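The structure appears below as structure tokens.
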Protein chains: 2
Amino acid sequence: MPTPHYGQPRYRIIANELRERIESGVFPPGSLLPAESALTTEFRASRGTIRQAIAALRQEGLVTTEHGRGTCVTAGTRDRRNESDAREREVLADPDLAGLFGVEVGTALIEREAVMRRSGRVETVVRAYRLRPTAP
Amino acid sequence: MPTPHYGQPRYRIIANELRERIESGVFPPGSLLPAESALTTEFRASRGTIRQAIAALRQEGLVTTEHGRGTCVTAGTRDRRNESDAREREVLADPDLAGLFGVEVGTALIEREAVMRRSGRVETVVRAYRLRPTAP
DNA sequence: AGAAATTTGTCCGTATGTATC
DNA sequence: AGATACATACGGACAAATTTC
């Protein structure tokens with residue numbers, strides 16, 4: 001059964017369902033979610049789709065995942081500062097960047113950040129800087 | 001954003017960027033490239049496009065990819081770390097990096113910076129952060 | 001201490017539908 | 001019409017970390 005994504009994609013529907021269970025206490029904070037393999041049979045979706053759903057919850061900070069262990073419901077920590085795997089934001093050029101780009105210190109730049117994890121631990125953070133597109 | 005392939009197709013642009021990072025030492029020989037999923041989010045491209053880009057690098061012999069493990073930078077690639085456009089230095093963790101690495105603000109990190117030029121102009125500056133190797 | 005089972009991480013190949021150049 | 005690229009989804013296989021026996 002290939003890919004009829006009428007309206008909402010499946011992974012989002014599944015993510016919503018799991019979020020509901022977490023917020024309603026079916027999966028309490030600190031507990032482990034069912035394994036991906038269990039979720040595939042329950043939702044009759046492929047593992048990739050399940051993982052996409054879980055990735056969405058992880059991006060919201062609702063759960064954390066550990067290699068070889070499972071996906072754990074985050075203990076009610078509010079104030080979710082960005083923990084996503086990649087994001088983009090605007091920053092001001094430090095002297096080094098300003099010199100490289102040939103602009104004044106404090107000029108707005110676009111920073112793209114990517115986080116690489118290795119067995120749960122953050123291994124490398126990459127930040128790529130670009131000039132903001134200008135209107136000529 | 002659909003398909004504005006100004007001049008070059010997107011997968012080639014991405015391949016060029018990754019090649020730059022490899023040759024500049026941001027991704028040193030022996031290290032693993034970020035996963036396809038991470039690259040899709042960083043470059044905001046689909047998996048197919050990312051795979052095309054990596055396939056190009058593989059064909060050049062720059063990387064080898066192992067099923068179930070990842071894509072690894074070939075050992076034979078020259079490391080230009082100490083040449084013109086890339087350098088390594090020690091910096092102190094800002095709050096964002098400290099949060100990601102799980103260390104205190106001000107902890108020393110290794111920063112590797114690479115500058116990518118496009119017909120003379122500085123186009124992108126990439127900074128890769130790693131924890132300093134600990135002596136236990 | 002060591003082997004097996006479990007579970008997540010990653011890659012491979014393929015497929016459908018949509019949209020833009 | 002064709003090439004490029006997007007998003008979504010499937011199923012399979014191997015790798016690696018953790019837990020269990």
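Source: prediction; values computed, not measured. Order of the sequence lines fixes the chain letters, A, B, ..., with proteins taken first and strands second; residue numbering starts at 1 for each chain.
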Using whole Å, what does the distance between atom [atom2] of nucleotide [N] and atom [atom1] of [X] come to?
X	N	atom1	atom2	answer
A:F43	D:dA9	CZ	P	13 Å
A:I50	C:dT7	CD1	P	14 Å
B:E66	D:dA16	CD	C1'	12 Å
A:R10	D:dA7	CZ	C1'	15 Å
A:I14	D:dA9	CD1	C1'	10 Å
B:Q52	D:dA3	CD	P	13 Å
B:H67	D:dA15	NE2	P	8 Å
A:E36	D:dT18	CD	C1'	14 Å

Please tell me if [X] has a side-chain N or O lying less than 4.0 Å from either OP1 or OP2 of [N].
X	N	value
B:T65	C:dC12	yes
A:R44	D:dC10	no
B:Y11	D:dT4	no
A:T71	C:dT7	no
A:R69	C:dT8	no

Next on the checklist: Is it the case that the side chain of A:T74 and the backbone of A:L62 share a donor-acceptor pair, with hydrogens and angles ignored and the cut-off at 3.5 Å?
Outcome noted: yes
Checklist entry - When you match B:S46 and A:R47 each to their closest nucleotide on DNA chain D, which lands nearer the 5' end? => result B:S46
Checklist entry - Is there a donor in the side chain of A:S37 and an acceptor in the side chain of A:T40, or the other way round, less than 3.5 Å apart? => result no
Checklist entry - Would A:T65 and A:R58 count as having a side-chain donor-acceptor pair, cut-off 3.5 Å? => result yes
Item to check | Face-on cation placement of A:R127 at B:Y129 ring, 6.0 Å and 45° thresholds | outcome: yes
Checklist entry - Is A:E17 salt-bridged to A:R10, cutoff N-O under 4.0 Å? => result no
Checklist outcome for this item: Closest to the side chain of A:T49, out of D:dC10, C:dT8, C:dC12, is D:dC10
